[in-house]
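This report refers to the structure that appears directly beneath it.
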Amino acid sequence: MAARQRVLILDYGSQYTHLITRRVRELGVYAETLPCWVASDAAPTAAGGLVGIILSGGPNSVYDAGAPQVPDWVLERGVPVLGVCYGMQALAYKLAGRDAVARGARGGEYGHATLERVDDAGSSGGESPLLRGMSRSSSVWMSHGDSVAKLPAGFRLIARSPSCPLAAMEDATRRVWGAQFHSEVTHTAEGRTLLSNFLYAICGATKSWAMESFLEEAKQKVRDQVGKGRVILGLSGGVDSSVAAVLLHEAIGDQLTCIYVDNGLMRAGESDEVVATFRDTFRIQLRAVDAGERFLAALAGVSDPEQKRKIIGRVFIEVFEAEARSLGDAKFLGQGTLYPDVIESVSPKGGPSHTIKTHHNVGGLPEKLGLALVEPLRELFKDEVRELGRRLRVPASILMRHPFPGPGLAVRCLGALDAESLAWLRAADKIAREELEKSGWMGRTSQAFVVLLPVRSVGVQGDCRTYGRVAVLRAVETEDFMTAGWARLPHELLATIATRITNEVRGINRVVFDITSKPPATIEWE
Ligand code: XMP
């Protein structure tokens, strides 16, 4: 198989780096991100399918001590290079030396700017292939302190803006380009045209990244890796493990066995749905382990949230390990690891950050059981996994599911757990989800759920005074779950949910709505 065409995005620490990667993939070329300090021999080569390199933006000034620079190998790979924002400044600094970059005057330039092309068809260099098809004047997004003050030898100016006289540069002979603005953000009206020009007109890429071909390639890769070996996979019912399971099943059929651990902390109906979907519809070999009592026993009397998380993680591993051993001959562990889990990010404070996120739900198990990992989704972003899932006919109810924390209802039933409180929480949460679904608000919120407080409040139900529990409705809107706003649910919907919960769930006599954003609060309560 010929090496897949790819564009390398070198990450200099910008918040937009992964957007570049996504945009390139959306345009139909595979893109991968590596930290800017990656060694030459760990980076792709033309023989390995490399067609171009994009240097991202970043928070540094080229003059900062230890600021990341452009390594020699980038210009020696024989493929076109595009520097974006800091990437352009770092290129100019490397090629023109000390006064190539001016320190941010008046604190820099942030927001919309009007870009004016100066690459006239009649000028000496003619029309720039990077800007072809863009309007003579268009709106771009700027976010920079420093800027390029002197073009390196061999470069010409191709665009400027009122505050940035050298907004884009070109050396068509060396095939190096720089743009001060961010073509990857949607605020840059014609950014897509620029990136498309770089990929197709300059790098000579062909449209080669599409889910259909990825799926076939991924299945073949799995077959090549596992041969006749048995693969086990911990299925949680979430998007990633579900798509991984169906993909593996398509690739290797009954060589795959999924293990679903019911920890007794799932929401109403969830365990039955997982079994029905994967065992009955997809005909995947599935072992469902009912371990609810074991988890509850281990959690008895524990009210500290971190302690709860640790216990749940430990018991999960014990249960999963016993089940895996009982299968005897497994050689591989399948996991739904995604691209954001495997990329090493450059710290925004400058300097590389070596933290690599891994999937922890089976932490330590591969080594202990001598299993090799099979991670068919490790090149994909979440929305690509959803698209793949749609092709694999994974139900929308799974693909569009809100995130649900690994420790499940244990961190939504505040304080020490008992079976009765969990049953109340489960019932209240089911009502809230039904009403959100019915009103169309489930799809308009990023995460919505009920929390049960460990306090009692006074109420009056019928002719009697009651001391019931308090349920909290939490509903948030967020892009990345790092910050979130509370969803402005309509009063009528809130009223319906509160009425139904207090009427239908015996132990709850009061419902409150959480109107705190994150920060200062978190999305979960524990
Ligand atoms: P917070 O509460 O920190 O949550 O604002 C951010 C996102 O992470 C989820 N979350 C967890 N997910 N195990 C998980 O798998 C956990 O222990 C955990 N705690 C929080 C939370 O639901 C939200 O989507």
Side-chain angles (χ1 to χ4, degrees), residues 5-14 16-34 36 38 43-44 46 50-58 62 68-96 100-101 115 117 119 125 127-134 140-144 147-148 151-152 154-159 164 166-185 188 190-205:
Q5 277 194 353
R6 62 195 60 221
V7 169
L8 171 63
I9 317 297
L10 272 193
D11 180 16
Y12 282 83
S14 162
Y16 300 135
T17 301
H18 302 314
L19 263 188
I20 307 178
T21 314
R22 296 176 55 149
R23 293 285 173 262
V24 172
R25 289 190 187 187
E26 280 165 17
L27 285 164
V29 182
Y30 180 69
E32 64 184 312
T33 312
L34 289 173
C36 55
V38 68
L50 183 71
V51 294
I53 301 175
I54 300 179
L55 314 178
S56 83
V62 292
Q69 306 297 343
V70 180
D72 290 339
W73 63 261
V74 165
L75 298 167
E76 290 162 1
R77 275 295 197 263
V79 298
V81 177
L82 169 65
V84 174
C85 194
Y86 181 81
M88 171 181 180
Q89 296 160 23
L91 276 170
Y93 186 58
K94 178 166 186 78
L95 298 169
V101 177
L115 186 79
R117 289 177 60 177
D119 60 325
E127 186 182 42
S128 164
L130 188 69
L131 306 183
R132 191 163 299 150
M134 288 176 68
V140 296
W141 188 255
M142 293 282 193
S143 177
H144 63 105
S147 54
V148 172
L151 295 177
F155 278 77
R156 68 166 177 145
L157 181 70
I158 53 173
C164 186
L166 307 184
M169 63 182 194
E170 162 178 292
D171 180 340
T173 313
R174 244 185 305 190
R175 299 203 296 165
V176 179
W177 281 262
Q180 184 54 62
F181 50 94
H182 290 272
S183 49
E184 67 277 17
V185 304
T188 295
E190 299 179 8
R192 218 180 139 80
T193 307
L194 184 150
L195 281 177
S196 172
N197 285 339
F198 181 69
L199 297 177
Y200 295 110
I202 294 175
C203 299

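One-based numbering along the sequence shown. Quick note: numbers below take in every heavy atom, side chains included, and nothing from hydrogens, waters or symmetry partners.
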Exercise for the section: Take Y200 and V29 through the test side-chain contact (heavy atoms from CB on, under 4.5 Å) and record every step on the way to the result. Expected result: CA-CA 9 Å; Y200 295 110; V29 182; 3.6 Å; yes
Exercise for the section: Using the side-chain contact (heavy atoms from CB on, under 4.5 Å) rule, take T33 and I20 through it: C-alpha gap first, then chi angles, then the decisive distance, then the call. Expected result: CA-CA 9 Å; T33 312; I20 307 178; over 6 Å; no
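If you take OG on S183 and CD1 on I54, they are separated by 7.0 Å, rounding to the nearest 0.5 Å. With rounding to the nearest 0.5 Å, the separation of OG in S56 from NE2 in H18 is 9.0 Å. For the atom pair SG of C36 and CD of Q69, the computed distance is 9.5 Å after rounding to the nearest 0.5 Å. Atom-to-atom distance recorded for L82:CG and L55:CG is 7.5 Å, nearest 0.5 angstrom. Separating the CD1 atom in I202 from the CG atom in L195 is a distance of 10.5 Å, to the nearest 0.5 Å. Rounding to the nearest 0.5 angstrom, the gap separating the CZ atom in R25 from the OH atom in Y30 is 4.5 Å.
Across all non-hydrogen atoms, the minimal contact from P129 to W177 is CG-CZ2, 4.0 Å. Residues W73 and A43 come closest through the heavy atom pair CH2-CB, 3.5 Å. The heavy-atom pair separating A100 from A92 by the smallest distance is CB-O, 3.4 Å. Nearest heavy atoms, C85 versus H144: SG-CB, 3.8 Å. Closest non-hydrogen pair, G133 versus E190, comes out as O-OE1, 4.4 Å.
Scored by the side chain to side chain contact (heavy atoms under 4.5 Å, CB included) test, L166 finds V148, L151, L157 as partners (sequence neighbours excluded). With sequence neighbours excluded, the residues satisfying ring pair (Phe, Tyr, Trp, His ring centres under 6.0 Å) with Y16 are H182. Applying the side chain to side chain contact (heavy atoms under 4.5 Å, CB included) test to A159 and every residue at least two apart in sequence or in another chain returns L115, L131, A168. Partners of R156 under the side chain to side chain contact (heavy atoms under 4.5 Å, CB included) rule, at least two apart in sequence or in another chain, are D119, S123, S128, I158, E170. Partners of E127 under the side chain to side chain donor-acceptor pair (under 3.5 Å) rule, at least two apart in sequence or in another chain, are R117, R132. Partners of S147 according to the side chain to side chain donor-acceptor pair (under 3.5 Å) rule, which considers only residues two or more places apart in sequence or in another chain, do not exist here. Checked against ring pair (Phe, Tyr, Trp, His ring centres under 6.0 Å), Y86 has the following partners two or more places apart in sequence or in another chain: Y12. Take T188 and apply the side chain to side chain donor-acceptor pair (under 3.5 Å) test, not counting sequence neighbours, and it matches no residue. In terms of the ring pair (Phe, Tyr, Trp, His ring centres under 6.0 Å) criterion, F155 has no residue partners (sequence neighbours excluded). By the side chain to side chain donor-acceptor pair (under 3.5 Å) test, N197 pairs with no residue at all, sequence neighbours left out.
Between R23 and E184, no side-chain nitrogen of the basic residue sits less than 4.0 Å from a carboxylate oxygen of the acidic one, so the salt-bridge criterion is not met.
Results of the side-chain contact (heavy atoms from CB on, under 4.5 Å) test with L8 over T21, V79, L50 single out L50 as the only residue that passes.
Contacts classified as salt bridge (Lys or Arg N to Asp or Glu O under 4.0 Å) and involving residues 76-96 (residues at least two apart or in different chains) are given here: D72-K94. Pairs passing the salt bridge (Lys or Arg N to Asp or Glu O under 4.0 Å) check and including a residue from residues 173-183, sequence neighbours excluded, read D171-R174.
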